[in-house]
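The shown structure was predicted, so the numbers you read here are calculated from the model rather than taken from an experiment. Just so we're on the same page: letters track the sequence lines, and every chain starts at 1.
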Amino acid sequence: MKHRTPLREALMTFRRTPLLSGLSVASIGFSLFTIGLFGLVAINFQKALQDLAERVEVVAFVLRGTPTETISTASQDITAFPEVLDVSYVTEEQALGRARRELVEFREAYRDLAVNPLPASFEIRLKPEARDAESAQRVAERVRGFPFVEDVRYGRDWVERLDKLRNMAAVVGLVIGLAFAAVAIVIIGVTIRITVLQRAKEISIMRLVGATNRYIRGPFLLEGAIKGISGGLLAIAMCWATFTIFRTSTTAAGDALVFFGGLQMLLFLVFGTVIGLGGSVLSVGRQLRAV
Amino acid sequence: MKHRTPLREALMTFRRTPLLSGLSVASIGFSLFTIGLFGLVAINFQKALQDLAERVEVVAFVLRGTPTETISTASQDITAFPEVLDVSYVTEEQALGRARRELVEFREAYRDLAVNPLPASFEIRLKPEARDAESAQRVAERVRGFPFVEDVRYGRDWVERLDKLRNMAAVVGLVIGLAFAAVAIVIIGVTIRITVLQRAKEISIMRLVGATNRYIRGPFLLEGAIKGISGGLLAIAMCWATFTIFRTSTTAAGDALVFFGGLQMLLFLVFGTVIGLGGSVLSVGRQLRAV
Amino acid sequence: MIRFLHATKTYPNGASGLKDVSFQIPKGEFVFLTGHSGAGKSSILSLIYAEQRPTEGEVRVSGYQISKLGPNDIPRLRRQLGVVFQDFRLLEYHTVEENVAFALEVTGARKETIPNRVMRVLTQVGLASKARAYPKELSGGEQQRVAIARALVNDPHILVADEPTGNLDERATRGVFQLLREINAGGTVVVMATHNMELVRDTGYRTIELKGGRVVYDSGVDQAAGAES
Amino acid sequence: MIRFLHATKTYPNGASGLKDVSFQIPKGEFVFLTGHSGAGKSSILSLIYAEQRPTEGEVRVSGYQISKLGPNDIPRLRRQLGVVFQDFRLLEYHTVEENVAFALEVTGARKETIPNRVMRVLTQVGLASKARAYPKELSGGEQQRVAIARALVNDPHILVADEPTGNLDERATRGVFQLLREINAGGTVVVMATHNMELVRDTGYRTIELKGGRVVYDSGVDQAAGAES
Ligand SMILES: Nc1ncnc2c1ncn2[C@@H]1O[C@H](COP(=O)(O)OP(=O)(O)OP(=O)(O)O)[C@@H](O)[C@H]1O
Ligand SMILES: Nc1ncnc2c1ncn2[C@@H]1O[C@H](COP(=O)(O)OP(=O)(O)OP(=O)(O)O)[C@@H](O)[C@H]1O
Ligand SMILES: [Mg+2]
Ligand SMILES: [Mg+2]
């Protein structure tokens with residue numbers, strides 16, 4: 001006969017009632033899967049927003065005939081701004097070439113020009129944390145201060161809209177994410193409560209034979225933690241499967257999609273474990289008081 | 001003593017094991033709530049896309065000096081196109097006025113003009129079902145055929161991008177929607193199976209006393225259906241609560257949000273009921289075979 | 001009515017319940033099953049009401065062959081039986097009267113007659129006052145008497161009683177035994193497993209004694225013949 | 001050791017279990033509780049092991065007052081007791097040896113000694129061969145003996161046995177009774193509810209008889225004094 005330890009006792013439960021244990025793990029797993037799915041959508045949406053934000057750019061048009069030395073000093077000055085990631089100078093010729101390449105509709109119009117109507121410009125990319133309307137405006141103002149700068153553009157409308165979209169996405173994500181998490185917690189709690197109810201008779205017998213509450217609780221808590229962590233693993237596996245299927249089925253945008261990182265997955269497991277443990281504490285506690 | 005009927009027996013279950021029954025209903029309700037939340041996001045996203053699509057418009061610039069009669073005949077002709085919802089004619093003066101009002105940056109430039117550089121135009125709105133790149137192009141081609149039309153624009157890029165977004169949203173919606181539905185079905189199935197396991201002993205006693213499977217199954221099926229429908233109602237209530245809280249907390253975009261229609265809610269209840277019933281059929285069936 | 005022919009029962013865990021048991025119980029008989037704890041009495045009874053099936057040999061009960069029962073035959077057979085289980089097996093979420101009525105309802109008895117028949121049989125076992133109680137609100141002996149009432153209520157062709165007086169005092173034991181005799185007088189076969197040797201000795205009914213899963217004594221037949229058949 | 005003083009137990013559903021029961025059991029005594037089914041025997045025992053609390057009056061067991069037990073007192077009291085429940089109450093997902101060992105583990109017994117003590121007591125009740133079986137793989141009498149083994153294993157100060165021989169044959173009954181006498185000889189108080197009047201008559205131990213929840217006879221005291229105290 002082997003000695004009774006909480007861990008052995010907890011593991012035995014899975015062998016003694018495989019169906020019930022399996023169902024609990026499935027239920028926990030699928031609840032966490034819900035959160036996982038939502039999380040995947042959220043992080044991919046966030047990434048899409050970041051990709052968009054990379055295009056936040058301040059363009060400063062330079063007066064015709066500004067000397068090259070002024071340009072290169074200014075370029076260094078601008079690069080030193082705290083918000084600025086890098087600066088590239090586009091000459092008049094480069095601008096015309098680009099216009100011919102990119103603006104098909106204007107190709108005809110520009111073909112026979114004697115004089116290049118396009119100005120040279122600085123294209124200023126911002127640091128990731130400075131890609132919002134406020135920073136862009138600040139940079140624009142400062143650049144406008146250079147005497148050789150004719151005009152500054154940074155697509156104010158567009159940047160402001162991006163800002164709004166970001167805030168909106170954050171609020172929606174938070175609210176819906178919390179709602180999903182609440183749903184998962186309730187379902188997991190319910191599942192654990194049901195399995196404890198299932199064993200109410202065993203618990204009451206243990207009490208009648210003289211076991212302390214702590215002694216009874218041990219294996220249940222471990223069991224809850226094991227179920228939680230198993231459910232978490234199951235959920236990650238299902239998320240991965242869904243992700244893979246989805247990515248291969250939508251060839252176009254699929255490659256751009258991202259999965260959770262290691263830390264996020266770990267957090268997921270911890271979340272599952274804590275819920276499994278917490279659910280057990282609460283529901284065993286209730287049962288112990290009831291008997 | 002009252003006579004035993006399946007309905008009375010099913011209702012008695014809720015009185016006999018209120019906690020377990022309540023937990024099952026909660027579990028079903030929260031699973032359906034997950035789907036409901038996703039559904040809300042989906043229909044609101046769809047609505048946003050529709051709002052965007054309303055702006056799909058074909059603009060035909062009219063040669064200077066086209067006679068008024070020609071204009072009004074053409075206007076009627078275009079309105080008769082199968083894709084077209086309505087047509088409005090914007091005169092040169094109206095165009096200039098609008099430019100002054102809307103394009104703040106150009107206000108200075110246009111202030112002192114002797115000659116109005118802007119052409120008159122037809123603005124053609126499309127029927128809801130024709131708001132895609134193909135239809136817009138078809139209309140544009142036909143309109144281009146009029147001799148007095150100088151140029152036609154319909155923001156090809158933009159319409160095409162909208163098309164892509166729509167397809168993408170449909171695929172994402174379908175895949176994630178199905179995933180959520182699968183999760184809900186599994187959790188609900190698990191819940192019902194657990195409650196049947198809980199009563200495995202009762203079922204086996206009923207069999208030993210000579211009850212037929214059909215006789216035993218009746219109350220369980222009804223119970224499952226009742227749980228399903230209650231869960232559905234609970235889910236709708238929670239969706240409504242979430243929706244209301246969300247709408248009031250995001251004052252800006254909140255008013256534009258929409259809730260489910262009556263038919264959608266009915267569908268939801270039917271879905272809950274069918275799952276409750278189906279889950280019971282399967283899990284009671286298994287139990288009956290096992291004994 | 002009941003016929004065991006070389007019936008053997010080995011449980012899934014390898015434990016042996018019965019070994020090569022043969023006997024026959026004709027219509028109208030009252031039979032005691034005796035033997036030490038673990039001798040196989042309950043195993044024989046569970047073969048009769050088809051909770052278990054023989055691993056070898058044949059068991060026939062009122063025309064049905066137990067090892068070949070189809071899914072629809074089982075309820076049909078059981079509705080002809082009344083069973084008092086050693087561990088009672090009452091429906092814990094149903095009241096005493098509902099437990100008894102249930103056994104009557106499944107036979108398709110006319111609804112109007114059910115309450116009267118239920119109260120009559122509860123009165124017979126002295127539990128009329130507990131009709132509305134739930135099983136766990138009853139004493140051990142009271143639960144046992146509910147199980148007896150449930151077995152009697154549908155006037156079964158065969159009554160199977162597993163230690164039906166184990167939790168009863170002497171007076172209640174006599175009362176229950178009297179009920180069994182009455183139902184037997186009405187033509188019902190009664191098979192009763194018991195440890196109450198006083199009862200066995202006093203009444204002189206046929207006795208089958210088991211030991212280690214084998215029939216070692218059968219007062220109803222010549223012992224040699226019993227072993228052969 | 002045990003003292004009931006005007007103890008009354010009325011169950012939540014209004015049923016009356018005990019009415020104004022007073023008696024006292026000193027160290028080392030062996031007491032039979034008798035009475036008809038439903039008389040209140042199990043109710044008295046459940047007050048002793050604190051599954052129930054008296055609705056009125058006082059119950060003292062080995063220094064603890066039952067109606068005032070704190071949450072930590074309950075396990076402490078129960079570890080001094082051995083209880084054979086009328087309905088056995090075995091852990092269904094644990095083997096026979098685990099069931100018995102559990103009662104020993106909760107007392108904090110030294111791990112190395114547990115297997116030996118468990119096997120010894122299982123041998124005493126004749127179940128050594130079933131140590132690895134689960135309760136539902138046992139016959140009724142075998143389950144009852146597991147319950148007895150579990151009650152004996154931790155050498156309790158007080159042994160409470162509710163109808164411990166209801167499912168046992170005569171030989172097993174004598175064996176179990178012998179065990180109870182031995183443990184009583186070692187100084188343990190034994191309180192045994194039983195319907196086996198033969199046992200009660202033959203041994204001449206103190207007998208408390210209940211009827212309708214009241215003590216109607218107590219061979220241990222002058223009857224008038226018993227009613228007064
Ligand atoms: N479900 C089962 N699984 C495994 N073994 C079993 C099972 N049921 C009974 N046994 C074993 O079969 C043998 C006979 O058991 P049975 O219940 O028929 O005895 P019994 O004569 O009714 O005893 P009792 O008088 O104690 O009730 C016993 O050794 C028992 O352990
Ligand atoms: N949990 C309970 N709820 C309500 N009534 C109960 C409960 N337990 C016992 N009773 C009632 O209290 C009375 C005494 O019951 P008790 O179990 O003490 O009888 P007993 O002497 O042990 O009988 P038996 O010999 O049949 O076991 C009975 O009438 C019974 O119905
Ligand atoms: Mg038996
Ligand atoms: Mg009792």
Heavy-atom cut-off 4.5 Å, strictly under: side chain, backbone, both or neither for C/Lys130 against chain D?
side chain

Taking the inter-plane angle between the rings of C/Phe23 and C/Phe4 on a 0 to 90° scale, is it parallel (under 30°), tilted (30 to 60°) or perpendicular (over 60°)?
parallel

Kindly assign one of parallel, tilted or perpendicular to the pair D/Tyr205 and D/Phe30, based on the angle between their ring planes and the thresholds 30° and 60°.
parallel

Between chain D and each of C/Gly140, C/Gly126, C/Gly17, count heavy-atom pairs under 4.5 Å; write down the option with the most.
C/Gly140

Who among D/Asp169, D/Thr173, D/Thr194, D/Asp162 has the most heavy-atom pairs with chain C under 4.5 Å?
D/Asp169

Using a cut-off of 6.0 Å, state whether more than 12 heavy atoms not belonging to D/Glu182 lie near its atom CD.
yes

Is any side-chain heavy atom of C/Arg132 closer than 4.5 Å to a side-chain heavy atom of C/Glu97?
yes

Quick one: what part of C/Asn13 sits under 4.5 Å from any heavy atom of chain D, side chain, backbone, both or neither?
side chain

Taking 4.0 angstrom as the limit, do D/Arg60 and D/Glu58 come out as a salt bridge?
yes

Part of C/Glu142 within contact of chain D (heavy atom distance under 4.5 Å)
both

Quick check on the interface: out of C/Gln144, C/Glu163, C/Arg171, C/Gln86, who has the most heavy-atom pairs with chain D under 4.5 Å?
C/Arg171

